[in-house]
Amino acid sequence: MQRLREAIYSLLVITGIARILSYWHRDKLVILCFHSMSVKDEHQFWPGVFISKNKLTEVLEYLNRSHFNVVSLDDAERHLRGDIRLKYPVVITVDDGWRSSITELLPVFQAYQFPATVYVTTYYCDHQIPVVNVVLQYWLWQKPTEAFDVIFRQQQYHFSGDTPTKVSAVERVMKAFNDEEKNAFLHAITQALDVSDDAISSKQFHNANYTELKSALASPLADVQLHTHTHQLPIDCESIHREIQTNRDVLAMQLSSQKARAHFCYPSGIWSPEHIPELHALGIRTATTLDEGLNERSEHPLKLKRNLVMDSRSLNQFIVTVSGVVDTLRWAMGKTRS
């Protein structure tokens, strides 16, 4: 089935059908969603989030030589409002604020003179420890096991079950620890699993710190925007305001920047109609989801669609997606979300 799909993607590109449909969709906004660049083997562990340097270069080389026009999110917003008119506009967004997205990914974009917006979750910027659930999944991917025991400060902890169950159990134990204790407990887990602790020392699964974020903002091609404080967005009014305003206040204080924090990305791309009026009340001008597709100029600015750039997707699939072929098929089949 995969071979058949790839043959279809290739045919759509080679025959020029993708290019023709791209012309039809030339006024629509394409928003790309990256997460981070792989510095070791993360793209093999989680190809939907971490992209290899080779795949990244392949995608950016295509954009660089193609008819697409990579623009800033601010200019894209002006396009959607009708203040300006862009042809084949593409926006690059980067989720979460992973350290390697700041130190590795942004410099690659900037080498192509491509602007990029990074949506930053601030909890793991404040707490410079690995993102716990991700690093645990990484170790269990490296060393699959049904159960393991951790000895920590004369106490034994037993974890068993499938990976999500073990990860949740570890997170519950660590909830009572401070950052130093969490790091020590993670080191103890590496010993229990007999895996390297390089992922901790190299900050492979850390968020960027504020010094690194401020350094990134020295480039006019880089922008930092909102992604909640704890990567959660409940639907009750108080929690929505707390998550976004904390995120906004921390970034404003730590980055010493007057830049407006008015662009937002839903955590994991998950949104609900209940979010919309609260985002309006908070002065959010655009909000991006992970609903895939292209954006009409009439698109609701707080329901913007994006297209995931994944290491496991071929260049031809990427071309077919951004050219609007998939969007056209969704439209024809009535599979769009409003």
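Since this is a predicted model, take the numbers as computed values, not measurements.
- Here the closest non-hydrogen pair linking Arg99 and Ser202 is NH1-O, 4.1 Å.
- Between Phe34 and Phe50, the distance separating the two ring centers is not shorter than 6.0 angstrom.
- The side chain to side chain donor-acceptor pair (under 3.5 Å) test with His229 singles out one residue from Thr122, Asp249, Thr246, and that residue is Thr122.
- Side-chain N/O atoms of Tyr138 and Asp41 include a donor and acceptor closer than 3.5 Å.
- Ring-plane geometry between Phe185 and Phe159 is classed as perpendicular, the angle between the planes exceeding 60 degrees on a 0 to 90 degree scale with a lower cut at 30.
- The side-chain contact (heavy atoms from CB on, under 4.5 Å) test applied to His187 returns Asp197, Ile200, not counting sequence neighbours.
- Side-chain contact of Gln128 with His206: a donor-acceptor pair under 3.5 Å is absent, judged by distance alone.
- Using a 4.0 Å cut-off between charged side-chain N and carboxylate O, Arg242 and Glu278 make no salt bridge.
- Nearest heavy atom pair, residue Ser72 against residue Pro115, reads N-CG, 3.6 Å.
- One side chain, Asp96 or His227, offers a donor N or O that lies under 3.5 Å from an acceptor on the other.
- Both cation-pi conditions hold for Arg19 and Tyr88: the charged atom is under 6.0 angstrom from the six-membered ring centre and inside a 45 degree cone around its axis.
- Of the N and O atoms on the side chains of Ser239 and Asp236, at least one donor lies less than 3.5 Å from an acceptor on the other residue.
- For the side-chain contact (heavy atoms from CB on, under 4.5 Å) criterion with Phe318, the lone passing option out of Asn307, Val309, Val13, Leu308 is Val309.
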Review point. So Glu104 and Lys40, salt bridge (charged side-chain N to carboxylate O under 4.0 Å, His left out) or not? Walk me through it.
Key: CA-CA 12 Å; Glu104 307 294 333; Lys40 190 178 178 184; over 6 Å; no
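- Under 3.5 Å, the side chains of Ser100 and Ser36 contain a donor-acceptor pair of N or O atoms.
- The hydrophobic cluster containing Val134 does not contain Val94, counting ILVMFWY residues as joined when their side-chain heavy atoms lie under 4.5 angstrom apart, directly or transitively.
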